Structure formats: structure tokens, C-alpha cells
Number of protein chains: 2
Amino acid sequence: MADGPTINTIAERAGVSIASVSRVLNGLPTRQETVRKVMAAADELGYVRNAVARSLKSRRTHQVAFAMADVGNPAYLAMLREIQPVLKAAGYRLVLHSTDAVVEDEIAVLHSLGERYVDGLIMVPLRVTDAHLQMLAAARAPVVIIGSVPEGTPVDNVRADSRTGVRLALDHLHALGRRRIALVNGPLDTVPGAARGAAYREALGDLGLPYDEDLVRIGDFYRADGARAVAGLLAARPDIDALMCANDLIALGALDVLRALGRRVPQDVAVVGMDDTDLAAASWPSLTSVSLGSAERGKAAAELLLERLQGGEREPRLVTVPPRLAVRASTAGPAYAGGKYADGKDADGQEDGA
Amino acid sequence: MADGPTINTIAERAGVSIASVSRVLNGLPTRQETVRKVMAAADELGYVRNAVARSLKSRRTHQVAFAMADVGNPAYLAMLREIQPVLKAAGYRLVLHSTDAVVEDEIAVLHSLGERYVDGLIMVPLRVTDAHLQMLAAARAPVVIIGSVPEGTPVDNVRADSRTGVRLALDHLHALGRRRIALVNGPLDTVPGAARGAAYREALGDLGLPYDEDLVRIGDFYRADGARAVAGLLAARPDIDALMCANDLIALGALDVLRALGRRVPQDVAVVGMDDTDLAAASWPSLTSVSLGSAERGKAAAELLLERLQGGEREPRLVTVPPRLAVRASTAGPAYAGGKYADGKDADGQEDGA
DNA sequence: CATCCGTCTGTAAACGTTTACCGCGTGGAG
DNA sequence: CTCCACGCGGTAAACGTTTACAGACGGATG
């Protein structure tokens, strides 16, 4: 790992100046003979351009950061999956930041923009605090926020619309003839929990159905919580005929309990999840789920950022991604709707010892 | 976004030289008075150190790259989940490369090490070609390969052991009294496919069971392929009492078909998957699966790389991660074994518009 | 009072590029 | 034959740090 060749080494060997070497390597107009000599020297030496020096001079790193709470979370993953190819195609590298759901870490990421190791940032904040807004206003590089940001904040913004999402689900259930639709929600002090609770109430109203507090249960956003909540719900109100769950894990918990109690899905109780993760298609019965368009939001965010990186100044933009209902067996019968991992490789795909 | 302050700005304002500023910022011994002045100036100016310039001089970027075929693949994701925190704790940023299963892209990543935008690389190659070995021998930064690399290659190496994994599964099935155990494999020209096929045959031998070609089916590594293969298998050999599937998706396909045919799982047919992805716990019945330790491999790789980055030269090391059998309902009865996403947040967890 | 030592700080070079500027040589026009 | 224009290529500065080196200063020591 001795020191590699630099343009100086090449210049010496080719008998030209470093300026010429640089020009040749950058494809600037140069005499054929010089080009030949430089190229030959570069090849022989196995020269590779030093990206750091280049970045220092050009003030561009060709790197973009993506910051979210948790790499393991399917929703973020779906975004990442779309963001990555868009950036790659444009010649940008992706730097991943996982903030582990710590707000200070988010602020730290925003702060680190000043270090100029990236040209831009896509961030999915947990919550947008005053500290966020302050840092965003002073940001030293373009930022795209996936989530909601107050009007006037000088960043591009990509939003989901869970209100419409909940409405899609309830309309669907209503159309199937369900009238006693319960909500299994997550904590109300989270942004998604609050939004979904409100949307549920509103959509019921629009459908002419009464809002009944007994039909709403709050737990955490996990499978066991869903199971617990639904068990309680069914004990109290055995007559419910549909469950709207605030995410897919809760819905899986619901399926567990329904199965244990011998309630048929969807005949006796229809179940709808939310987020449309891979788990929804994998479960049995496969789970009808509201997609909030994580993938689309990721893609939109990446495109907005690129635009700003390449195009320069423009007004901050707001993009809202519409939700979509993925109808599967848990509401609409027993048909298997197909997998989702289908992208051409072993779900393992690594080399393998021994 | 005007040009931010540099150490020159600070030096001027504090009335000292840039050398002093640098020393203060790096915590080198300095007179209290100077420290005070510099700190004050830095604070007032909102100074943030330029990471690029720093890297150029120090020849360290504090970035590490992780390259694999596909961000969406659960196995790679499991690695990423472990790699990220290890690097973060050590002060390294993570640059993500997805090669989309194109070998040329892998070579390109190896080549780009010469650009020195990262201090090291963790790579999961699809296949190790001569080109790989050549680039690895000439690599300008430490590399850890997850997969198998010929002895003598000057890189650290982390391996799975699917042979033992298959054996664990077959032992388990055998102990449960199963004797007609079929294999639903992926293509034999893939590394995992070949390894698993051979391991199956060997393990059968050791158990004193005959190897029967009729009991082996080859398809692709997806759910639909699994379903197709198992349908054929059951038509030809209705007497089989266990299915060893080469990954979880295939196993899900198997479950689909068994359910459709009215075969009970596990009473009539026991099913084992491989990779132990989140889908295994989510399916119904939950799926017994062989974990090849993706998470552990990721962690080990990250630790090996850090060691080399911080410690310096040493002999290349080989770490083999033992497989583990996650026993669930598809072989051992109907109990629900609990979810896997349990890490404290909504499986969605984003802000939300409207 | 001269000397020495130690602490602190400033000057300048270096990391590897890109690029503004200038000078040289050639060829064509007058 | 002279002059000019123009195409190339070289010199040097710049990007923002870190750091080797040496100088300045103050206090202690002989």
C-alpha cells in the first residue's frame, strides 16, 4: 500500500506539466500527442484520481447523505431502495446515517452538513423541532425533508397522506358491507398515531357511521401489542366485523388472535394493515394494506435533491405522495396475490464457506 | 449559503495564527488565553471544520464503504443493520454501494478504492472472479470480504457455513421422525445452490437415509418457484413428510401449495426455510428456518475492518460464523414464536402530511 | 547578569487537485 | 518579412487543513 501515483508522477513520466495532465484527464482540449503521452503514463502507473483533493478544489464531493431513524425499518428501507439507484445514476455516492430515533443525532447530522463531506441531504426526521428549523434555515447544503415541515422553511418537502390512506381503507371495508369497523392504533403522541386516529374518526363520519370509543384501542406499534389490543377488543365487542390496524405488525398480531379464536378472515372479520411492507404479502391470509408510498416518497426526494444540486436555486417545493390500497386476501378472499421480493437473486445470495 | 468561515477567518478575528486555531480545535496544548479567544471566535462565526480539507491532509476520510448486490435483500440488510452501529460508534461514516448483481460494478467499486474517498471496504461479492482477486491484491485500502476467498488472498474474510446449516435442519427433521425429506433448491450454478445441494446429499448419508433424485427439485429462489416445485414434487411423490427449502421465499411458496392441497403443516409435512428472514416469523404457520448468521457476519466484518483501520498491519484473518436453527411452528407445532421487528418504533415512523 | 530551558506561537510547506494567466511557437495574412 | 492571432502548455495560486520547524519570551539557575 505504498503511496499511489499522483498527477505529479504522471507529469514527470510523460514529460509534461501537471496542468496538462489534469486537462487530459478532464477531457479539456489538448493536442493529440500530449493526450497520448499522458494516457500512456497514467495507464502504466495505474493512476486513479484522488477524490478528496478533487473535492477540495471543486467544492463538490459527489456524495449525498440519507438520514433516517433506523436502517431495519421497512419503510425507510423502501425509500433507500429507490433513492440509491437515482443517486447512483447521477454519479452520486450515498452516505447512510441512522439516528437510532435520537433527536440529538438528527441535529448532529444537520450540523455536520457544515463539514461539507456531502453535497446534499435527504432526511426523514422523527419530529420537527425548533432546533431542526433553525438548522434547516442555516443549512450549508440543499436538504430535502421527507415528512412535514412548516410552510416557509427553505427546503424541499415530500409528504405522505395517511388521512386519505385511512379513508381508502374504510371506504373499501364499507363497500364490502362492513359496518362495525374497529381501529387498532399506536400511541397518540406519535405523529402517525395521532394522524391515523383523527383520520379514522373523520372517515367514519363521512361514511355515516357512528364513532364509538369502544371500537378504538391504543397499543404500541408491534405485533404483540396488536394481538393484545385485539383480544381485548373482541372480548368487549364480539360483534365487530372489520379491523383497521395502524400498521402491518399490529395487523399480524390481529391475525394471530383471530386465528386462535377461530374467527375466519375475512368472512367473519376483515383486516387491513398499513404501510404495505413485505410482511403483508407474506402473511396468511395475505394482508390488505394501505401503502403510504414510501418508495415513491424516496424517489421523489432523490429527484428533488438532484434537481437542486444540478439546477441551482429555485423555490422550495412540496410534493405529496398519494396513498394506495393493496387489496389482498384479508379483506377480499383467499387468493394469493404474489410475492414481492422478486428481483432476480437468492434472498441470501452470498458466497458460502466450507 | 455564502462561503462559511475557515480557520483563516477565525485566526483573523481572534488575532492569532491559523496554526494556533488548528491546535486549539484539535485540543493540542495551548495557553488558556489563546484557547478562549479561538473558541469565542469559532462560536461567534459558527465555524464547522471542513472534512474534505482535513481528509486531504490527514489521509483519512473516516468513511467506510459497504458494497453488496441489492439493498432490498433481507440478508444484506441484516448485515447492514449490524455494520452501521459498529462503524458509527468508531466515528466512521458508511457509504453504501449497491452493485445490482453486476460483476463489473463490483470491480468498479474495488477500483474506486484508489480514489481514496473511503478508508476501507466491506464487500459481499456475488462471485469471486480472477478480476476480483487481482484488484484485491492491489487494493489501496483494507478490504473485508463476506463470502469465500481463496487462501492467500490478502484480505480478511468472513464466511457462513451452509453445509452445517443444512445438517442442522436435517438432524432436526430426522429427530422429529421424518424420513422422506425433499430438497427444494435454487439453481445449481449459484454458490448457495450448489453448496446446499451438496450439503443435503451429505447430511442424508450421515443420517443413513438414501439419496433419491426424485426428492430434489430445482427452481429459482422465489416464492412462485417454490410453489411450482413443491406442486410437482407432491404430485410425483405424495408420501414425502418434510421439505427442506433453500431459502425462506421458497418455503413460503411451499406453504402456499400445502395449504391449497389441504396438507397440514407440520403434521403431514414439516417445512424448513433458510436465512431466517423476518418473513419466517411473520408467516403462518411461522416458519422454522436456518439462520446463516447474516447479522453476525456483518458485525464480524465491521469489527475486522475497524481493527485493521485502527491497529495497522496484521495477518489476514478468516472468521466462520456458525449457523443456527430457529425452530418455529412449521416443524414443531402451532405456537407463535414472537415477532422480530421489535426495536422501539412504528414500522412506519415518519412524519405525515395533511 | 548571562545562560539555558521550556512553553507557546507564528511561518511555511504539504496534501493532490483545478484553473487563471501568461508566454511561446506556428502559420497565415498583409 | 513582419505582425498578429491563436492554439498549447507551463507556472503558480488556490481550495482548507495539519504539522515540522524555528523564533520569541519568561523564568530559573549559576
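No experiment lies behind these values; they were computed from the predicted model shown.
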Q) Does A/Arg23 make a side-chain N or O approach to OP1 or OP2 of C/dT19 shorter than 4.0 Å? A) no

Q: May I have the distance from A/Leu45 (atom CG) to C/dG16 (atom P), rounded to whole angstrom?
A: 14 Å

Q: Check the distance between D/dA12's C1' and A/Lys57's NZ and give it to me in whole angstrom.
A: 11 Å

(Q) Applying a 4.0 Å non-hydrogen cut-off, can you work out what A/Ser55 is touching in the nucleic acid: base, sugar-phosphate, or nothing? (A) nothing

Q) At their closest point, which heavy atom of A/Arg314 faces which heavy atom of A/Leu304, and how far apart are they? A) NH2-O, 3.3 Å

Q: Under 4.0 Å between any heavy atoms, over every strand shown, what does A/Ser58 touch: base, sugar-phosphate, or nothing? Just pick one.
A: nothing

(Q) If you assign each of B/Ala53 and B/Ser20 to its closest nucleotide in DNA chain D, which residue comes earlier from the 5' end? (A) B/Ala53

Q | Atom pair distance, as rounded to whole Å: CG in A/Leu28 and C1' in D/dG7 | A | 14 Å

Q.
Over all strands shown, is A/Thr30 touching base, sugar-phosphate only, or nothing at heavy-atom distances under 4.0 angstrom?
A. sugar-phosphate

Q | Nearest-neighbour nucleotide for the A/Leu56 side chain, D/dG16, C/dC8, C/dT11 considered | A | D/dG16

Q: Quick one: label A/Val16 by what it contacts on the DNA or RNA (base, sugar-phosphate, nothing), any heavy atom closer than 4.0 Å.
A: sugar-phosphate

Q. Taking only N and O in the side chain of B/Asn8, is any of them less than 4.0 Å away from OP1 or OP2 of D/dG16?
A. no

Q: Would you mind checking if A/Glu33 and A/Arg36 are paired as a salt bridge, meaning a charged N to carboxylate O distance below 4.0 Å?
A: yes

Q: Using distance alone, with no hydrogens and no angle criterion, decide if B/Asn26 and B/Arg49 have a side-chain donor and acceptor under 3.5 Å apart.
A: yes

Q | Atom pair distance, as rounded to whole Å: CD in A/Glu33 and C1' in D/dG7 | A | 16 Å

Q. How many Å lie between CD1 on B/Ile7 and P on D/dC15, as a whole number?
A. 12 Å

Q.
Let's see if you can work this out: which of D/dA12, D/dC8, C/dT17 has an atom nearest to the side-chain heavy atoms of A/Asn50?
A. C/dT17

Q: Would you please confirm or rule out a distance under 4.0 Å between OP1 or OP2 of C/dT17 and any side-chain N or O of A/Tyr47?
A: yes

Q. Please give, in whole Å, the distance from D/dT17 C1' to B/His62 NE2?
A. 13 Å

Q.
Rounded to whole Å, how long is the line connecting atom CD1 of B/Ile18 with atom C1' of D/dC21?
A. 15 Å

Q.
I'd like to know if B/Arg81 pairs up with A/Asp70 as an ion pair, taking the criterion as any Lys NZ or Arg NE/NH1/NH2 lying under 4.0 Å from an Asp or Glu carboxylate oxygen.
A. no

(Q) Check the phosphate of C/dT9 against B/Arg31, side-chain N and O only, distance under 4.0 Å to OP1 or OP2. Yes or no? (A) yes

Q: May I ask you to say what A/Arg49 touches in the nucleic acid, namely base, sugar-phosphate or nothing, with a heavy-atom cut-off under 4.0 Å?
A: sugar-phosphate

**Q.** Heavy-atom check, side chain of A/His132 versus side chain of A/Glu106, under 4.5 Å
**A.** yes

Q: Could you state the atom-to-atom distance from CZ of A/Arg60 to C1' of D/dG16 in whole Å?
A: 19 Å

Q: Verify the contact: side-chain N or O of A/Ser22 to OP1 or OP2 of C/dT18, cut-off strictly under 4.0 Å; return yes or no.
A: yes

Q: Please state whether the phosphate of D/dG16, meaning OP1 or OP2, lies under 4.0 angstrom from any side-chain nitrogen or oxygen of A/Arg59.
A: yes

Q: Using distance alone, with no hydrogens and no angle criterion, decide if B/Tyr117 and B/Ser112 have a side-chain donor and acceptor under 3.5 Å apart.
A: yes

Q) According to a strict under-4.0 Å criterion, is A/Thr6 in side-chain N/O contact with OP1 or OP2 of C/dG16? A) no

